[in-house]
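Note: hydrogens, waters and symmetry copies are ignored here, and every other heavy atom, side chains too, is used.
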Amino acid sequence: MHSDFHYYGTYALARMAGLRRDVCQTIATAAQFVDDNDTTSDIDLLDGGRLYALATAHSMVNIQNSALFDKDQRRVWLPFHFLPGNKGKTLSERLICRKDSTIAQQMVKHCFSMVKKPYGLHLVGISSHVYADTFSHYGFMGVSSRWNKVDSRSIKLLNDTRDKDAEGRFQTKYGETMSGLRNWRQSLWDKVKSDVAESGTGALGHGAVLKYPDFPYLEWEFSYEHPKGSQRFSHRKNATTFLEACEKIYGLFCSLDPKFQNPEIIQNKGFDRIRDRVKEILEFQETNREKRSAKWRSAAEEGILFHRPEEILPYQGDAWKQSLAHL
């Protein structure tokens, strides 16, 4: 998932659950900061203490994520981005991320129970990120493994409308044969991108299927390469699973202590009242995350999401980074 969900979606769900705007901003910033925290330098505190920093953000196509950096995979990718589902007989099977797994439910419930701690809202945001990612990263694991390998020829995007108009004009002008050649070349390029990504990441996470799990609107399919050579087919409707994540996270936000709620808002806490609004945003077919984020912002400003028209408060992550430098 990208910032359109981890920040704007998380903020919107928290606000629709009746939480105060400042609370929503902190939770959503913490959720997105998991993907932005690239701090690796230890921080010396004014009182003489030291904070040992661990980055939670890396590029998927980065040699630092390869099997040579096994420790980072186990300390970062597994707990923050591909929470193990803990199902199966072998260790590899148990490391595979599972959508809304029992262990994910237990994790987020535990973290939300500490909301009154000084760091409680930040922990709520971080755990919301980890929990949400199980609805997009399921079926892959956060370590380099042959279980993550995919048959690149099997990847099909079923509702991606990018360049469809251009393709139609091309076919009208040059005919079926040349259009077929174009499709063949595009298919070959997609295969090359997938193979290179899989190799470059050491078969880490969903590198073999690029960023397809993170596009909210995308319907697509692919087949894994099983370690013994058999095929495991997967057909995914991201909008459906993202909507499931929204409903679950919204329910968690509704359960937060009343001290974090806006007393002026009397909300009917059922998700059904906002389901169609959220679904429409998730199904917006756009690869650019900024444009997808704009859908959340405009829906808020037009009074579609909340009890009255208002802007979504800005992301604080950059300010957080600057503040760390002065500790």
Using only heavy-atom distances, determine whether the side chains of Tyr212 and Asn238 contain a donor-acceptor pair under 3.5 Å.
->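 There is no such pair (donor and acceptor under 3.5 Å, judged by atom type) between the side chains of Tyr212 and Asn238.
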If we ignore angles and hydrogens, is there a donor and acceptor under 3.5 Å between the side chains of Ser92 and Arg94?
->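 No, no side-chain donor-acceptor contact under 3.5 Å.
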Which pair of non-hydrogen atoms, one from [X] and one from [Y], has the smallest distance, and what is that distance?
| X | Y | value |
| --- | --- | --- |
| Ile312 | Ala300 | CG1-CB, 3.8 Å |
| Ala208 | Val150 | CB-CB, 3.9 Å |
| Ser127 | Phe112 | OG-CE1, 3.6 Å |
| Glu286 | Asn288 | OE2-N, 2.9 Å |
| Leu83 | Met107 | CD2-CE, 4.2 Å |
| Phe80 | His129 | O-CD2, 3.5 Å |

Whether [X] side chain and [Y] backbone form a donor-acceptor pair below 3.5 Å:
| X | Y | result |
| --- | --- | --- |
| Thr26 | Val23 | no |
| Gln105 | Asp100 | yes |
| Gln25 | Pro314 | yes |
| Thr10 | Phe5 | yes |
| Ser154 | Ser223 | yes |

Check side chain to side chain contact (heavy atoms under 4.5 Å, CB included) between Leu78 and all other residues, then give those that pass, not counting sequence neighbours.
->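 Partners of Leu78 by the side chain to side chain contact (heavy atoms under 4.5 Å, CB included) criterion, ordered by chain and then number, come out as Arg74, Pro84, Leu95, Val143.
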Kindly write out the residues that satisfy side chain to side chain contact (heavy atoms under 4.5 Å, CB included) with Asp257, not counting sequence neighbours, or none if the list is empty.
->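 If we apply the side chain to side chain contact (heavy atoms under 4.5 Å, CB included) test to Asp257, skipping adjacent residues, the hits are Lys116, Lys259, Phe260.
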In the structure I gave you, are the side-chain heavy atoms of [X] and [Y] within less than 4.5 Å of one another anywhere?
| X | Y | answer |
| --- | --- | --- |
| Tyr7 | Ile27 | no |
| Trp296 | Val278 | yes |
| Arg277 | Leu305 | yes |
| Leu256 | Gln261 | no |
| His137 | Phe82 | yes |
| Met114 | Lys117 | yes |
| Arg289 | Lys211 | yes |
| Cys246 | Leu282 | yes |

Passes side-chain contact (heavy atoms from CB on, under 4.5 Å), Phe135 versus Lys248? Steps please.
-> CA-CA 11 Å; Phe135 290 86; Lys248 295 284 187 176; 4.0 Å; yes
Contacts of Lys87 that satisfy salt bridge (Lys or Arg N to Asp or Glu O under 4.0 Å) - sequence neighbours left out =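 Lys87 satisfies salt bridge (Lys or Arg N to Asp or Glu O under 4.0 Å) with no residue once adjacent residues are dropped.
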Decide if the gap between the ring center of [X] and the ring center of [Y] is smaller than 6.0 angstrom.
| X | Y | result |
| --- | --- | --- |
| Tyr138 | Phe140 | no |
| Trp320 | His122 | yes |
| Tyr217 | Phe284 | no |

I'd like to know if [X] and [Y] make a salt bridge, using a cut-off of under 4.0 Å between side-chain N and carboxylate O.
| X | Y | value |
| --- | --- | --- |
| Asp272 | Arg275 | yes |
| Glu93 | Lys89 | no |
| Glu310 | Arg15 | yes |
| Glu225 | Arg232 | no |

Qualifying residue, where the test is side chain to side chain contact (heavy atoms under 4.5 Å, CB included) with His6 and the options are Val34, Asp133, Thr29 =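 Between His6 and the candidates, side chain to side chain contact (heavy atoms under 4.5 Å, CB included) is satisfied uniquely by Asp133.
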Tell me whether Leu123 is reachable from Phe253 by hopping between hydrophobic residues (I, L, V, M, F, W, Y) whose side-chain heavy atoms are closer than 4.5 Å.
->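 Hydrophobic grouping puts Phe253 apart from Leu123.
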Look at the aromatic rings of His235 and Phe233 and report parallel, tilted or perpendicular, splitting at 30° and 60°.
->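 Correct class here is perpendicular.
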Spacing of [atom1] belonging to [X] relative to [atom2] belonging to [Y], to within rounding of 0.5 Å:
| X | Y | atom1 | atom2 | answer |
| --- | --- | --- | --- | --- |
| Phe271 | Glu244 | CZ | CD | 10.5 Å |
| Thr287 | Leu218 | OG1 | CG | 10.5 Å |
| Arg21 | Phe306 | CZ | CZ | 8.5 Å |
| Lys237 | Glu219 | NZ | CD | 5.0 Å |
| Lys291 | Arg297 | NZ | CZ | 12.5 Å |
| Leu13 | Cys254 | CG | SG | 9.5 Å |

Under the side-chain contact (heavy atoms from CB on, under 4.5 Å) rule, what do Phe33 and Tyr315 come out as? Steps first, then yes or no, please.
-> CA-CA 9 Å; Phe33 199 63; Tyr315 175 59; 3.4 Å; yes
So Phe242 and Met1, side-chain contact (heavy atoms from CB on, under 4.5 Å) or not? Walk me through it.
-> CA-CA 9 Å; Phe242 278 45; Met1 294 179 173; 3.7 Å; yes
